[in-house]
Chemist: 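What follows is a single structure, and I will ask about it in a moment.
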Amino acid sequence: MKVSFWLLDIDSHKPGPRPQVRLWGIDEGGRRVLLIDKNFLPRFYVVPKNNNFLSALMDKCSRIEGVAEVKPVRRRFLGRELMCVEVLVKDPSNMDRLAKKISNLEIVMGCYGYDVRYTMQYLILKNLPPCKFIEVEASPTSRPEGAQIDLAYEIVGEFKPSVIEEPPELRTLSFYCVIPGEKGSPDPKSSPVVMISVITPDDEIICLEAGDGDSDLLKDFCDVIRSSNPDVIFGYGTNKRDWIYLVERAKINGIKLPVGRTGLFPHTSAYGHVSVTGRANLDLLDFVEDIQEIKLKTLQNAADYLGVMSENEGPEILEYDLYDYWSRKREILRDYAQHNVMRVKGLGEEFLDFGIQLSQVVGLPLDHVAAAAVGFRVEWFLIKEAVRRGELVPPRKEAFAGSYVGGIVLKPEPGVHEDIAVLDFASMYPNIMMLNNISPDTYIPPDEPDPPQGCYVAPGVGHRFRKEPPGLYREILSELIRARREVKEKLKSLQEDSPYYRVLQARQRALKVIANATYGYTGWAGARWYLKPVAEATAAWGRHYLRSIITMAEEAGFRVIYGDTDSIFIRYREGVDDLLNRIEKKLSLDIKLEKIYQRIIFTEAKKKYAGVLEDGTIDLVGLECVRGDWPDVARKAQREIVRIVLTTREIREARQRAKAFIRKYVEDVRNLKVPLKDFTIWKEITKKEYKARTPHLKVTEDLRRMGWKIKPGDKVGYVVVKGSGKLYERSVPFFKACPEDIDIDYYIDKMIFPAVMRILKLIGVEESELKGGGLEEFL
DNA sequence: GCGTGGGGGATACCG
DNA sequence: ACCGGTATCCCCCACGCG
């Protein structure tokens with residue numbers, strides 16, 4: 001019979017001699033289904049050194065223990081057609097070993113595809129898109145014992161895309177764990193999980209609490225999951241923390257944690273994500289990591305930024321105080337956990353559409369794609385598309401990462417400017433790559449002659465790329481851009497509040513993310529398709545095109561005030577449209593009038609400016625006020641100064657207002673009339689070992705002595721207090737600082753003044769003018 | 001012994 | 001665990017001076 005199902009998760013299983021692939025999904029009737037394929041073997045490809053060795057190679061491979069079958073197949077490698085041997089392997093866990101063994105044979109040039117996971121081989125070779133409906137011929141079979149599904153099938157036929165477009169209704173469960181440590185970070189050996197608040201798929205809020213220990217709590221949590229049988233599990237920070245801790249606690253308690261649809265432990269899988277069989281376990285922190293505007297990635301900040309819930313709603317509890325709340329203020333802690341699980345659910349709803357679209361585009365299962373870094377998302381998209389075109393997948397190898405020259409950044413003309421237009425190339429790097437057919441499979445090494453079809457030569461660096469046939473990057477980038485254009489076209493005909501609009505919006509974002517990251521991918525030394533000349537040539541063309549438009553603008557009588565990589569800033573006047581047209585015609589690259597600043601200010605520094613658009617929107621770029629490693633006292637002051645300078649018509653008046661504001665603000669700071677939080681400086685710990693001594697490292701040492709586990713990736717918050725000696729000797733963890741101890745002079749002289757003066761000196765204000773109004777005037 | 005200036009480490013930004 | 005280009009802070013040490 002035909003079964004249509006929406007593919008949610010995939011795993012493999014080996015109950016007997018033959019491995020099985022299992023597809024977990026939801027059918028068109030909303031039933032949870034499991035489809036088992038017992039007839040797919042993992043495989044890899046062996047390229048002989050010479051075509052004459054093909055049959056000898058087949059013979060050798062077929063005699064190796066563990067090989068099920070060999071056949072000759074035609075493939076391509078970096079654009080070159082070749083014959084190779086497809087080796088089917090009996091046991092997925094033997095792939096690596098067999099490939100190594102065969103690689104060592106005298107007549108073998110190389111092995112390919114052995115480092116692509118069994119389940120991913122299945123998805124790719126069968127052309128299965130995750131998070132979509134698929135149709136397949138299957139026959140009903142008995143449900144595996146304990147499996148939380150309605151129906152099970154054995155796959156007997158081929159797949160084809162389903163006509164069903166509408167996604168099924170997913171049952172989502174959100175959870176939030178409270179894990180206090182009595183002394184510093186909680187240790188699973190001694191500290192139990194004390195609370196788990198859950199929102200079930202039926203929107204019931206449950207707060208589970210530890211009693212004597214957390215044994216019952218963990219069991220209850222599993223019961224909630226099993227009885228509500230969700231498809232998707234939302235959490236925040238769960239891949240690196242909560243699940244790991246829960247598993248540890250379960251082991252210590254000697255109980256099972258049967259949260260998967262087969263009743264298994266959750267386990268850590270690809271990209272450090274935690275996999276829950278048959279469901280999609282999504283850690284929403286993975287999505288929040290990609291939002292640069294959120295500086296401190298707490299659940300509360302993320303929910304606030306995305307409009308899910310204000311950071312002020314519900315109680316605020318520092319991690320450092322959790323144990324105290326659990327011991328003495330449990331009612332508040334309950335409230336806290338409940339608000340947080342609501343935040344988790346809100347974030348989940350915010351990201352689910354995007355996650356689903358990303359999964360469809362990239363081809364990785366939902367839970368994998370969420371946790372995968374940008375480079376891997378690009379890479380899986382490439383792998384899928386390459387295999388579709390008969391290309392072999394290069395193995396990952398350690399490459400020497402020689403550096404190369406990137407984009408051009410112009411020195412800005414410091415000061416206040418009016419009516420400034422920004423012209424920029426639309427998707428410059430992807431377009432450069434398509435236009436010049438830059439790709440690993442079109443690259444012509446220096447020792448090869450020019451091909452008959454001709455080649456494109458990168459300006460300055462001299463790398464050559466075949467004009468024909470189209471390379472992998474040209475093909476996939478044009479496909480991404482074509483698909484995105486189509487989606488954007490469809491969006492125009494839809495109501496903004498329709499659910500389909502949200503889906504398409506998410507889709508176009510997913511397509512854009514992959515296209516924009518492709519250039520960066522080509523320069524990543526760890527990439528399977530890494531080839532330095534590809535990245536180097538792309539950047540070289542970028543510099544060439546930017547120089548071209550600078551020249552054209554200047555020849556048309558425009559002064560270029562600033563420019564960075566793919567943009568130039570010029571005075572907006574008659575003739576801009578004409579300039580745009582001529583650029584487009586000459587370079588065959590899309591260039592756009594991106595925006596017009598009513599007023600814009602540039603400091604002496606590159607990559608830092610602020611401007612106001614006609615509609616009053618203020619753009620803040622690169623300045624201290626957008627940096628998460630500056631304290632809020634300085635960021636807020638600079639932001640307000642920028643606002644005054646940009647929106648006050650008369651500069652003379654702006655000067656007065658700015659001075660008045662700073663005098664008042666500094667006075668407030670001196671009197672501690674600003675939130676104490678605003679003095680905290682947050683910095684990330686980026687590595688294990690350091691050479692330098694700095695405030696944030698000293699504070700990290702303090703925290704570690706107190707029992708807190710600080711790992712690379714964590715942020716530490718510190719405050720500078722009064723006293724003598726180096727700055728790092730006067731820095732303390734933010735929650736340890738008393739208001740009286742704060743070194744206010746440090747904040748004023750070293751943070752607030754420098755930040756605001758960088759703006760104010762542009763309108764002729766001297767630092768000495770700011771100091772009045774307080775003590776001096778009084779004296 | 002003390003102030004200074006520049007190099008380098010560290011971080012987070014821009015496109 | 002995506003690229004190169006850039007600003008900025010702070011620490012540290014060599015250096016010159018007396």
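Residue numbering restarts at 1 for every chain, and letters A, B, ... go by the order of the sequence lines. All values derive from a computational prediction rather than experimental measurement.
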Chemist: Which residue pairs satisfy the salt bridge (charged side-chain N to carboxylate O under 4.0 Å, His left out) criterion with at least one member in residues 399-417 of chain A, sequence neighbours excluded?
Modeler: A:E413-A:R559
Chemist: Can you find a pair of side-chain heavy atoms, one from A:L531 and one from A:Y443, that are under 4.5 Å apart?
Modeler: yes
Chemist: Can you measure A:R693 atom CZ to C:dC13 atom P for me and round it to whole angstrom units?
Modeler: 12 Å
Chemist: A:Y609 near the nucleic acid: base, sugar-phosphate alone, or nothing, with a heavy-atom cut-off under 4.0 Å?
Modeler: sugar-phosphate
Chemist: So A:T522, base contact, sugar-phosphate only, or nothing? Heavy-atom distance under 4.0 Å.
Modeler: nothing
Chemist: Round to the nearest Å and state the distance from A:I514 atom CD1 to C:dC2 atom P.
Modeler: 12 Å
Chemist: Using whole Å, report how far CG of A:L623 lies from P of C:dT8.
Modeler: 9 Å
Chemist: May I have the distance from A:Y429 (atom OH) to C:dC2 (atom P), rounded to whole angstrom?
Modeler: 18 Å
Chemist: Can we call the ring centroids of A:Y747 and A:W630 under 6.0 Å apart?
Modeler: no
Chemist: Does NZ or CZ of A:K750 lie under 6.0 Å from the centre of the six-membered ring of A:F753, at an angle within 45° of the ring axis?
Modeler: no
Chemist: Could A:K295 and A:E684 be called an ion pair, given the rule that one side-chain N must be under 4.0 Å from one carboxylate O?
Modeler: no
Chemist: At under 4.0 Å between heavy atoms, what does A:Y690 touch on the DNA or RNA strands: base, sugar-phosphate, or nothing?
Modeler: sugar-phosphate
Chemist: Is the closest basic N to carboxylate O distance between A:E729 and A:K698 below 4.0 Å?
Modeler: no
Chemist: Could you list the residues that satisfy ring pair (Phe, Tyr, Trp, His ring centres under 6.0 Å) with A:Y572, not counting sequence neighbours?
Modeler: none
Chemist: For this output row, return yes or no: ring centroids of A:F569 and A:Y609 closer than 6.0 angstrom.
Modeler: yes
Chemist: Rounded to whole Å, how long is the line connecting atom CG of A:D290 with atom P of C:dC2?
Modeler: 11 Å
Chemist: Please give me every residue in residues 721-733 of chain A whose heavy atoms get under 4.0 Å of an atom in DNA chain C, ordered by residue number.
Modeler: A:K726, A:L727, A:Y728
Chemist: With a 4.0 Å cut-off on heavy atoms, is A:F602 in touch with a base, just the backbone sugar-phosphate, or nothing at all?
Modeler: nothing
Chemist: Tabulated below should be each protein N or O lying under 3.5 Å from an N or O of nucleotides 5-7 of chain C; please produce it.
Modeler:
{"residue": "C:dG5", "atom": "OP1", "partner": "A:G406", "partner atom": "N", "Å": "3.1"}
{"residue": "C:dT6", "atom": "OP1", "partner": "A:K606", "partner atom": "NZ", "Å": "2.9"}
{"residue": "C:dA7", "atom": "O3'", "partner": "A:K608", "partner atom": "NZ", "Å": "3.4"}

Chemist: Does A:K715 reach a base, just sugar-phosphate, or nothing at all? Heavy atoms under 4.0 Å.
Modeler: sugar-phosphate
Chemist: So where does chain A start and stop touching DNA chain B, 5' to 3', when the test is distance under 4.0 Å to a non-hydrogen atom?
Modeler: B:dG9 to B:dG15
Chemist: Name all pairs fulfilling the salt bridge (charged side-chain N to carboxylate O under 4.0 Å, His left out) condition that reach into residues 505-533 of chain A, sequence neighbours left out, sorted by first residue then second.
Modeler: A:D115-A:R528, A:E379-A:R528
Chemist: Rounded to whole Å, how long is the line connecting atom NZ of A:K683 with atom P of C:dC11?
Modeler: 10 Å
Chemist: Which residue, A:W630 or A:A373, contacts DNA chain C at a nucleotide closer to its 5' end, judged by nearest heavy atom?
Modeler: A:A373
Chemist: Hey, is A:E701 close enough to A:R704 for a salt bridge, meaning N to O under 4.0 Å?
Modeler: no
Chemist: Does the side chain of A:R730 come within less than 4.5 Å of A:D743's, by heavy atoms?
Modeler: yes
Chemist: Is any side-chain N of the basic residue among A:E319 and A:R241 closer than 4.0 Å to the acidic one's carboxylate O?
Modeler: yes
